[in-house]
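Just below is one structure, and these are the notes that go with it.
Each ligand, and each atom within it, is numbered from 1 in the order the structure gives. Just so you know, these numbers come straight off a predicted model, no measurement behind them. Numbers for residues simply follow the sequence, beginning at 1.
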Amino acid sequence: MKLIIGNKAYSSWSMRGWLACKQSGLSFEELITPLFGEDWDDVRLSENFAPSGGKVPILWDGETVVWDSMAIVDWLADKTHRDRFWPKDETARGMARSMTAEMHSSFMALRRQCPMNTRKIYEGLTFSDDVNADAARIIELWAQARARFGSGGPFLFGTYGAADIMYAPIVSRFQTYGFRLPGFATSYMQTILDHEWTMQWMEAAQEEPWVIERLEKTEASES
Ligand SMILES: N[C@@H](CCC(=O)N[C@@H](CS)C(=O)NCC(=O)O)C(=O)O
């Protein structure tokens, strides 16, 4: 398998696709293409990229191409062991499915105003009401998952799975922008930040030479 991803410092959807490949346990080659470089228009129209409309991540599994992080999670879950990605228990699985779908479709204010930037740490920011509302909803989802289904381990549904994969870039954003969070959420964040795959991703991001100026800024304000 070949996984095409963008910059590790900035590309949150790539991070999800990459974590899903890791979780599958299958071997894969990663191809990093820096986003929005000078030749970006040529890159996005190239044969490898074209099926996704020029967005990463893109998974080539032999001749089969799968793009969009949620489709990649599902593809890999179908191909391997579904219970590596989704809880076995039906009630837990219903919640895991719903909160990963909500991550994929929602939280636009947080995503736009606080872009992922794994190399940066801000202090003392204040956020708009819509960003605070997104963060509050995420914390509510994490709290429910941990309280109802998290007794088997430190992850959202006990063991590491699709929900942790989809929310890992949110953990990175909460760290970057210095969100003040309840204790259980800080512990969960630390669990994700200490996970070996998160650490590998962040270390590689640190080594990247590329800088995308507009993603080095936030709409949050200094208090
Ligand atoms: N819904 C897609 C989103 C993919 C996406 O927007 N990826 C960004 C990088 S994080 C991208 O490729 N941007 C390039 C562009 O918009 O031209 C997914 O879940 O994979």
Starting from the N and O atoms of ligand 1, collect every protein N/O partner closer than 3.5 Å and put each pair on its own line with the distance to 0.1 Å.
from, atom 1, to, atom 2, distance (Å)
ligand 1, 1 (N), Asp68, OD2, 3.1
ligand 1, 7 (N), Val56, O, 2.8
ligand 1, 12 (O), Val56, N, 2.9
ligand 1, 16 (O), Lys55, NZ, 2.9
ligand 1, 17 (O), Arg44, NH1, 2.8
ligand 1, 19 (O), Asp68, OD1, 3.2
ligand 1, 19 (O), Ser69, N, 3.2
ligand 1, 19 (O), Ser69, OG, 2.6
ligand 1, 19 (O), His104, NE2, 2.9
ligand 1, 20 (O), Ser69, N, 2.8

Out of Leu19, Leu76, Val73, which residue meets the side chain to side chain contact (heavy atoms under 4.5 Å, CB included) rule with Ser24? Leu76
Would you check if Asp74 and Trp86 make a side-chain contact, meaning some heavy-atom pair closer than 4.5 Å? yes
Those residues at least two apart in sequence (or on a different chain) that pass ring-ring contact (aromatic ring centres under 6.0 Å, His included) with Trp197 are Tyr160, His195
Face-on cation placement of Arg214 at Phe36 ring, 6.0 Å and 45° thresholds: yes
Measure from the side-chain N and O atoms of Gln23 to the backbone N and O of Arg84, and report whether any donor-acceptor pair falls under 3.5 Å. yes
Can the ring centres of Trp142 and Phe174 be said to be less than 6.0 Å apart? yes
